[in-house]
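Please read the structure below before turning to the comments.
Every value quoted in this text rests on a predicted model; they were computed, and no experiment measured them. For ligands, and for the atoms within them, numbers begin at 1 and follow the listed sequence.
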Amino acid sequence: MSDRYCVIGNPIAHSKSPLIHAAFAAATGQDLQYERCLAPLEGFETTVRDLIKQGYRGANVTVPFKLEAARLATRLGPRAQAAGAVNTLIFADGEIVGDNTDGPGLVADIVRNAGVPLGGKRILLLGAGGAARGALLPLLSEDPRQIVIANRTLATAEQLVADFAAHADRLAATGFGDVDGSFDVVINATSASLAADVPPVAPSVFGPGVLALDMMYGNEPTVFMDFAASHGAGVRDGLGMLVEQAAEAFLLWRGVRPETGAVLAAMRQAG
Ligand code: NDP
């Protein structure tokens with residue numbers, strides 16, 4: 001019988017992860033099944049324990065369970081520890097190991113797929129929630145000159161900087177209205193696009209030569225991407241990040257990192 005994995009969330013019907021992992025399994029010759037798993041809002045732990053009983057080898061975790069997954073894990077990898085959130089679970093030897101591949105997926109998409117190295121660069125990170133927190137350590141590992149974290153609630157951005165005190169010389173927290181200077185890369189890690197909102201930063205942030213990436217994705221460019229493009233920036237949605245975080249999870253489970261280029265192209269075409 002094939003090894004079984006799934007993605008746990010609520011809602012979950014929209015998830016593209018089964019398509020991505022099926023493509024990875026076919027490309028690498030790995031024998032596995034990957035499904036969607038809807039967990040009741042109050043039933044994440046029960047769902048995980050049930051999957052383990054059924055012999056599942058691991059799971060991805062998505063909204064709204066990433067923080068709960070971090071609490072449930074019996075062991076956390078350093079990326080999950082830094083993020084305080086888990087998007088990948090490994091069930092092995094009676095342990096529930098939690099990791100976080102969202103940040104590495106983001107960095108892989110920027111550096112490899114978009115071809116934008118981050119070393120020495122100035123990065124504007126919009127948002128200070130789970131996705132921004134998970135992105136911080138992988139972004140810092142690329143040795144940027146500075147990361148400015150701007151958030152609607154300033155105190156949350158300040159807390160994030162305080163939690164990464166070892167990197168304080170390269171981090172700054174601010175409100176959207178106080179962002180100034182120029183940036184090489186602007187990352188929208190807010191969920192504002194869900195409400196068709198654009199974080200109110202100065203349009204001058206998005207000049208030519210700037211890469212503006214929205215972690216959100218959909219069939220159409222997000223309002224953030226439209227706004228950034230109208231002020232001269234190159235734009236990217238979060239689909240590449242999604243495929244790359246899946247490849248990192250696949251690597252953790254199967255010991256092989258699948259090629260992502262063809263899968264990303266196919267996902268874009270499928271819409
Ligand atoms: P959280 O709920 O943890 O954080 C939300 C963040 O967005 C907070 O900083 C919040 O600010 C801010 N925010 C919410 N609404 C608005 C608004 N209208 N205007 C300005 N700021 C706003 O969410 P996550 O961090 O988990 O996710 C953020 C986004 O990233 C989501 O859209 C998610 O879909 C996407 N994502 C994409 C992934 C991918 O693979 N492509 C992976 C993970 C996430 P405040 O603190 O003031 O409330």
Side-chain angles (χ1 to χ4, degrees), residues 7-12 14-21 60-70 79-80 82-88 99-110 113-114 124-139 147-161 163 173-179 186-201 205 212-219 221-225 227-228 235-250 260 263-264 267-268:
V7 55
I8 310 168
N10 187 331
I12 200 62
H14 65 286
S15 173
K16 294 180 191 290
S17 292
L19 296 174
I20 297 172
H21 282 283
N60 284 130
V61 180
T62 188
V63 177
F65 299 123
K66 289 184 186 183
L67 299 183
E68 204 175 339
R79 302 182 297 200
V86 158
N87 81 330
T88 304
D99 207 325
N100 193 312
T101 66
D102 283 335
L106 170 72
V107 167
D109 188 52
I110 294 173
N113 299 344
L124 175 60
L125 184 59
L126 303 172
R133 183 173 280 273
L136 213 42
L137 196 62
L139 286 172
I147 303 177
V148 175
I149 304 166
N151 197 43
R152 183 175 61 179
T153 309
L154 176 58
T156 316
E158 288 174 338
Q159 184 60 53
L160 191 47
V161 170
D163 290 346
T174 181
F176 292 134
D178 295 322
V179 172
V186 181
I187 300 163
N188 186 12
T190 74
S191 44
S193 294
L194 275 176
D197 270 351
V198 178
V201 290
V205 159
L213 183 149
D214 197 340
M215 287 192 184
M216 270 262 306
Y217 53 86
N219 291 338
T222 66
V223 282
F224 172 82
M225 291 164 69
F227 184 75
V235 294
R236 221 172 155 75
D237 67 8
L239 190 61
M241 174 182 175
L242 179 77
V243 171
E244 294 296 341
Q245 65 75 27
E248 288 287 330
F250 197 94
T260 52
V263 176
L264 181 53
M267 302 281 300
R268 286 217 184 281

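Compare Ala195, Pro64, Ala246, Ser191 by their heavy atoms: the one nearest to atom 7 (O) of ligand 1 is in Ser191. Considering Gly127, Ala131, Gly238, Ser193 only, the shortest heavy-atom separation from atom 26 (O) of ligand 1 involves Ala131.
Considering backbone and side-chain N/O atoms, Pro199 never comes within less than 3.5 Å of an N/O atom of ligand 1. Considering backbone and side-chain N/O atoms, Ala128 comes within less than 3.5 Å of an N/O atom of ligand 1. Of the N or O atoms in Met241, none lie within a sub-3.5 Å distance of an N or O in ligand 1. Among the atoms of Gly130, some N or O lies under 3.5 angstrom from an N or O of ligand 1. Close N/O approach between Arg152 and ligand 1 is found [any backbone or side-chain N/O within under 3.5 Å].
Remark: atom 9 (O) of ligand 1 lies closer than 4.0 Å to at least one protein heavy atom. Note that atom 30 (O) of ligand 1 has protein non-hydrogen atoms nearby, at separations under 4.0 angstrom. Atom 33 (C) of ligand 1 lies below 4.0 Å from none of the non-hydrogen atoms of the protein. There is a protein heavy atom less than 4.0 angstrom from atom 18 (N) of ligand 1.
Side-chain contact, Asn87 with Asn60: no donor N or O sits under 3.5 Å from an acceptor N or O. Side-chain contact of Asn151 with Thr153: a donor-acceptor pair under 3.5 Å is absent, judged by distance alone. Residues Asp214 and Thr222 bring a donor and an acceptor atom of their side chains to less than 3.5 Å of each other.
If you look at Met215 next to ligand 1, the close heavy atoms, those under 4.0 Å, come from the backbone and the side chain alike.
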> Checking side chain to side chain contact (heavy atoms under 4.5 Å, CB included) for the pair Leu242/Ile20: CA distance, chi angles, key distance, verdict?
Replying inline: CA-CA 9 Å; Leu242 179 77; Ile20 297 172; 3.7 Å; yes

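Counting atoms of ligand 1 from 1 in the listed order, those under 4.0 Å from a heavy atom of Asp197 are 18 (N).
Only one option out of Val7, Thr101, Val61, Asn100 pairs with Thr88 in a side chain to side chain contact (heavy atoms under 4.5 Å, CB included); it is Thr101.
Residue contacts with ligand 1: Asn151 is included, with a non-hydrogen atom under 4.0 Å away. At least one heavy atom of Lys66 sits less than 4.0 Å from an atom of ligand 1.
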